[in-house]
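Since the structure comes first, as structure tokens, the remarks are kept for the end.
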Amino acid sequence: MPDQEPAANNSLETGHSKGRYFMRFTPGQRYLHAVLFTTFLGLAATGLPMRFSESIWAREFATIVGGFGAIIFFHKLFAVVLTLAFLIHVRDLFTRAFIHREKGIFWGSTSMVANWKDAKDLFGHIRWFLGLGPKPQFERYAYWEKFDYWAVFWGMIVIGFSGYAMWFAPFFAKFLPGWALNAVLVIHSEEGLLAILFIFSIHFVNTHLRPDSFPMDMVVFTGVESEEEFKHKRTLEYERLKAQGKLEGRIADAPGSWQINFSKVVGFTAILIGLVLLVLTLSAYFRE
Ligand code: HEM
């Protein structure tokens, strides 16, 4: 997702916290993420029992929700909602890039497209981990955040296409040879497992479990982060906005207690479900 600069909000710090807060994600970006993670959890929770249908937990789960027919029904329901969210996102990108001709979508400091600095940051980070150099400083999106974004973007195309090819097999059979229809099942199944392993291990560790954010980074729920966090995690973006005189325009209200508590409940529930699904996937996979 190329960046959408959050709208200016010049209110000074409010709420219970001391210090200034800055807007990182717009409400639209937060809603998109909410739909993405709820449908993804739903797709993983319904896809895994189909994939490992011989496991005891898969059969127990099927009994609770009303059988494998119900599991397939819910899988398709979540898939349709996720597809709609993805199509809305792609439509927004096209509108911003080709109709509004917004600059910086494909290149530059706020773009999601990887650039030479990302490659240097990756190696710089490895050097820092080994104690051989200074810690790299990041712009609006670090290289691993761009990687997460594109992994989901292309994964969505592969999983979506193979999923619909299975769902509407008689229609796709008019264009695809028989072996391709068998291949889509393997592709969907393996890509689904890969996505589950990636999101519930690498994405969780990168975003929530690393020392800077442990036990959970709530910015995608509240939309805002403290000045200290902003300066520390995205130093180059902070300095760029300051030099451009745009920093004040990003000041936002501090999150209210209800917002923080709600984010904690939703976030921890999602992480917990994800980790349970990860353990079930790994144990079933290695027992196969
Ligand atoms: C647009 C998105 C998607 C569509 C249209 C879709 C559709 C389908 C369909 C039609 C099936 C076969 C159901 C049957 O046996 O009748 C299936 C199976 C499955 N799906 Fe999806 N799905 C989507 C996304 C996902 C995602 C995101 C995941 C992973 C998180 C996933 C994981 C799986 C798994 C593991 C299976 C079982 C495959 C097997 O039996 O080996 N799906 N999906």
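Counting starts at 1 for both ligands and their atoms, in listed order. Quick caveat: nothing in here was measured; it's all calculated off a predicted structure. Atom set for the values below is all heavy atoms of this structure, side chains included, hydrogens, waters and symmetry mates excluded. In what follows, residues are counted from 1 in the order of the sequence shown.
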Legend entry - Shortest protein contact, atom 36 (C) of ligand 1 (heavy atom only): Gly47 O, 3.8 Å

Legend entry - Atoms in ligand 1 flagged as close to Gly192, the criterion being non-hydrogen separation under 4.0 Å: 29 (C)

Legend entry - Side-chain donor-acceptor pair present, Ser213, Lys233, cut-off under 3.5 Å: yes

Legend entry - Short side-chain donor-acceptor distance under 3.5 Å, Glu237 and Tyr141: no

Inset, instruction - Starting from atom 9 (C) of ligand 1, locate the nearest protein heavy atom and write down its residue, its atom name and how far away it is, to 0.1 Å. - result: Met166 CE, 3.8 Å

Inset, instruction - Using a 4.0 Å heavy-atom threshold (strictly under), name the region of Ile196 that reaches ligand 1: side chain, backbone, both or neither. - result: side chain

Legend entry - Atoms in ligand 1 flagged as close to Gly163, the criterion being non-hydrogen separation under 4.0 Å: 4 (C), 5 (C), 6 (C), 7 (C), 10 (C)

Inset, instruction - Answer yes or no: does atom CZ of Phe147 have more than 12 heavy-atom neighbours from other residues, nucleotides or ligands under 6.0 Å? - result: no

Inset, instruction - Would you please classify the geometry between the Trp150 ring and the Trp154 ring as parallel, tilted or perpendicular, with 30° and 60° separating the classes? - result: parallel

Legend entry - Transitive ILVMFWY side-chain link Phe262 to Val219, under 4.5 Å: yes

Inset, instruction - Please say whether His75 places an N or O atom under 3.5 Å from an N or O atom belonging to ligand 1. - result: yes

Inset, instruction - For Thr83 and Tyr164, test the side chains for any donor-to-acceptor distance below 3.5 angstrom and give the result as yes or no. - result: yes

Legend entry - Atom indices of ligand 1, in the order listed, that fall short of 4.0 Å to a heavy atom of Thr83: 1 (C)

Inset, instruction - Give the residue, atom name and distance (to 0.1 Å) of the protein heavy atom nearest atom 19 (C) of ligand 1. - result: His188 CD2, 3.4 Å

Inset, instruction - Any atoms of ligand 1 less than 4.0 Å from a non-hydrogen atom of Tyr164? List them with their elements. - result: 1 (C), 5 (C)

Inset, instruction - Please determine if Ser189 has a nitrogen or oxygen closer than 3.5 Å to a nitrogen or oxygen of ligand 1. - result: yes

Inset, instruction - Please work out whether the ring planes of His188 and His75 are parallel, tilted or perpendicular, with thresholds of 30° and 60°. - result: perpendicular

Inset, instruction - Please state whether the rings of Tyr143 and His125 are parallel, tilted or perpendicular, taking 30° and 60° as the class boundaries. - result: perpendicular

Inset, instruction - Could you check atom 13 (C) of ligand 1 against the protein and tell me its nearest heavy-atom contact, residue, atom and distance included? - result: Met50 SD, 3.5 Å

Legend entry - Protein contact to atom 2 (C) of ligand 1 [nearest heavy atom, distance to 0.1 Å]: Ala79 CB, 3.7 Å

Inset, instruction - Anything under 30° is parallel, anything over 60° is perpendicular, the rest tilted; go ahead and classify His203 against His33. - result: tilted

Inset, instruction - State the atoms of ligand 1, each with its element, that fall below the 4.0 Å cut-off from a heavy-atom position in Phe40. - result: 30 (C)

Legend entry - Ionic contact status for Arg51 with Glu190, cut-off 4.0 Å: yes

Legend entry - Shortest protein contact, atom 25 (C) of ligand 1 (heavy atom only): Ile159 CG2, 3.4 Å

Legend entry - Ile72, Leu194, Thr39: member with heavy atom nearest to atom 16 (O) of ligand 1: Ile72

